> 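Below is the structure I would like to discuss, written out as structure tokens.
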Amino acid sequence: TANARTLRTLRRPEALHQTRVAIRRLRTGFKLFEPAARDSEFDRLNAELKWLAGELDQARDLDVMLADTFRPAADRFHDQEGLAELGKRMHATRAKAYDRALKALDSPRFLTLTLDLAAWLDSGVGRDPAGPAGEPIGRFAPAAMERLRRQIKRRGRGLTKLSPELRHKLRIRAKRMRYALEFFGDLYDQAPGRDRFIQTLKRLQDALGELNDLEVARQQGLMLAESCGRPAGDTAADGARQAFAAGLMIGSRVQAQKPLLKKAERLLDRLLSDKPFWRD
């Protein structure tokens, strides 16, 4: 909610990004502690968090695409016909995506979600000592970490040949493990090998994130190329120039895919070869 207030005031990429990070952390908490926290409200609240994240996704995708794909292309091909017009189109589309995000944050649905979450947490969810929450955290945490490690190992097989959708699922597991390690941080702050493991995991997450951003940019670029000239009422020639510029922009970015895949594969191998520090 603090990040949401900042986003309403500033309407800037970092405010949006931190709002989404907060939602992801909370959703990770739901998944990680599900055995102890599940009750009659669990699925509904989790579904509402998923809705909220979805309302912010397009704005974030366009922020990343403008920063990491369009601007480098504009610097490299600054004289390319159609590129400036394409940039204007992308900024206009992003403005509408921000309108959608802010509309969600100003909605009664968001207010209800915030109040319901606060009431749910305050009601003592997962505090029944006879239930799964009665298990000591020192036993719960390593079991949870083992499950995440197995999921990463299984989903990472043949990483360089995985489809973008399967790579995205692997990325989600890596991100979930990183957040879990932060949740359990005080348990393992002196564990040998912890810092090396977390650093490798972070680098793997970053590499997978870049690959996902690249795929999102490719899809967005294709949609831009297909729509150029029609919605804005431009001439066919204007549309053709913008479509060519979109293809050039995406083509220059896609060249980074192969080295990124190799980097992610090396980091995954290193992560899985290191001894899991939580086993001690």
Side-chain angles (χ1 to χ4, degrees), residues 11-18 20-21 56-98 100-101 156 158-172 174-175 202-268:
R11 198 180 168 109
R12 290 180 181 169
E14 186 61 20
L16 176 74
H17 175 55
Q18 293 303 327
R20 291 179 74 250
V21 167
L56 275 58
D57 281 350
Q58 186 187 22
R60 178 58 183 169
D61 287 344
L62 285 163
D63 278 339
V64 173
M65 187 174 179
L66 278 163
D68 296 346
T69 303
F70 174 76
R71 286 170 191 159
D75 290 340
R76 183 178 176 185
F77 308 112
H78 56 275
D79 291 331
Q80 175 61 46
E81 289 186 344
L83 194 59
E85 290 76 13
L86 181 67
K88 291 178 183 178
R89 185 188 295 276
M90 291 174 66
H91 278 90
T93 303
R94 180 175 65 170
K96 291 179 181 178
Y98 265 78
R100 174 183 173 182
L159 190 155
T160 58
K161 295 182 174 60
L162 292 179
S163 67
E165 294 77 17
L166 291 178
R167 283 201 310 267
H168 179 58
K169 290 182 178 180
L170 172 62
R171 172 176 169 255
I172 289 173
K175 189 178 299 183
K202 183 181 183 299
R203 292 179 62 198
L204 173 62
Q205 180 188 329
D206 289 345
L208 292 171
E210 287 186 60
L211 285 164
N212 184 69
D213 291 343
L214 191 153
E215 177 61 21
V216 170
R218 188 185 68 83
Q219 293 175 2
Q220 294 275 357
L222 289 173
M223 287 190 291
L224 282 167
E226 290 171 357
S227 66
C228 280
R230 292 197 292 274
D234 296 336
T235 66
D238 290 334
R241 283 191 288 269
Q242 291 179 38
F244 183 84
L248 190 65
M249 174 183 70
I250 298 304
S252 63
R253 179 82 192 278
V254 168
Q255 294 174 0
Q257 183 178 46
K258 187 174 290 187
L260 271 175
L261 282 169
K262 290 293 185 182
K263 178 181 179 181
E265 184 180 48
R266 288 195 304 270
L267 290 167
L268 179 62

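Values in this document were obtained by computation on a predicted structure and should not be read as measured data.
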> Starting from the C-alpha separation in whole Å, work towards a yes-or-no answer on side-chain contact (heavy atoms from CB on, under 4.5 Å) for Arg167 and Leu261.
CA-CA 10 Å; Arg167 283 201 310 267; Leu261 282 169; 3.7 Å; yes
> May I ask you to check whether over 12 heavy atoms, not counting those of Arg203, lie within 6.0 Å of atom CZ?
no
> Tell me, please, which residues at least two apart from Asp57 pass side-chain contact (heavy atoms from CB on, under 4.5 Å).
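side-chain contact (heavy atoms from CB on, under 4.5 Å) list for Asp57, sorted by chain: Arg20.
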> Holding to side-chain contact (heavy atoms from CB on, under 4.5 Å), I want the full list of residues that pass it with Arg241, two or more places apart in sequence or in another chain.
Glu81, Ala237, Asp238
> Using modelled atom types and a 3.5 Å cut-off, is there a donor and acceptor pairing between side-chain atoms of Ser252 and backbone atoms of Met249?
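Yes; judged by distance alone, with no hydrogens or angles, the pair exists.
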> Could you tell me which residues satisfy salt bridge (charged side-chain N to carboxylate O under 4.0 Å, His left out) with Asp61, sequence neighbours excluded, listed by chain and number?
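Asp61 satisfies salt bridge (charged side-chain N to carboxylate O under 4.0 Å, His left out) with no residue once adjacent residues are dropped.
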> Report the residues that fulfil salt bridge (charged side-chain N to carboxylate O under 4.0 Å, His left out) with Arg60, sequence neighbours left out, ordered by chain and then residue number.
none
> Does Gln255 have any side-chain hydrogen bond (donor to acceptor under 3.5 Å, both in side chains) partners at least two apart in sequence or in another chain, and if so, which?
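Gln255 satisfies side-chain hydrogen bond (donor to acceptor under 3.5 Å, both in side chains) with no residue once adjacent residues are dropped.
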> If you round to the nearest 0.5 Å, how far is CG of Leu162 from CG of Leu208?
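Result: 9.5 Å between the selected atoms.
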> Ignoring hydrogens and geometry, is there a side-chain-to-backbone donor-acceptor pair from His168 to Pro164 under 3.5 Å?
no
> List the residues meeting side-chain hydrogen bond (donor to acceptor under 3.5 Å, both in side chains) with Lys202, not counting sequence neighbours, and say none if there are none.
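side-chain hydrogen bond (donor to acceptor under 3.5 Å, both in side chains) list for Lys202, sorted by chain: Asp206.
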> Under the rule for side-chain hydrogen bond (donor to acceptor under 3.5 Å, both in side chains), what residues qualify as partners of Gln257, not counting sequence neighbours?
none
> Could you work out, with side-chain hydrogen bond (donor to acceptor under 3.5 Å, both in side chains) as the rule, every residue matching Arg71, not counting sequence neighbours?
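Arg71 satisfies side-chain hydrogen bond (donor to acceptor under 3.5 Å, both in side chains) with no other residue.
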> Let me confirm one number: the CG-CZ distance from Asp213 to Arg171, rounded to the nearest 0.5 Å.
6.5 Å
> For Lys96, check side-chain contact (heavy atoms from CB on, under 4.5 Å) against everything at least two apart and list the hits.
none
> Go through the structure and list residues passing side-chain contact (heavy atoms from CB on, under 4.5 Å) with Pro72, not counting sequence neighbours.
none
> Which heavy-atom pair separates Gly82 from Ala245 by the least distance, and what is that distance?
C-CB, 3.9 Å
> Taking the side chain as every heavy atom from C-beta outward, state whether Thr93 and Gln58 have any pair of such atoms under 4.5 Å apart.
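Yes. Closest side-chain heavy atoms under 4.5 Å.
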> Is a donor on one side and an acceptor on the other found under 3.5 Å between the side chain of Arg94 and the backbone of Leu62?
no
> In chain order, what residues pass the salt bridge (charged side-chain N to carboxylate O under 4.0 Å, His left out) check against Arg100, with sequence neighbours excluded?
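Arg100: salt bridge (charged side-chain N to carboxylate O under 4.0 Å, His left out) contacts with Glu55.
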> Could you state the interatomic distance from CG (Leu248) to CG (Leu86), rounded to the nearest 0.5 Å?
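These two atoms lie 10.5 Å from each other.
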> Do Val64 and Val216 have side chains that get closer than 4.5 Å, going by heavy atoms?
no
> Kindly write out the residues that satisfy salt bridge (charged side-chain N to carboxylate O under 4.0 Å, His left out) with Arg218, not counting sequence neighbours, or none if the list is empty.
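Here the qualifying residues are Glu215.
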> Is Leu214 close to Arg253 at the side-chain level, that is, under 4.5 Å between some pair of heavy atoms?
yes
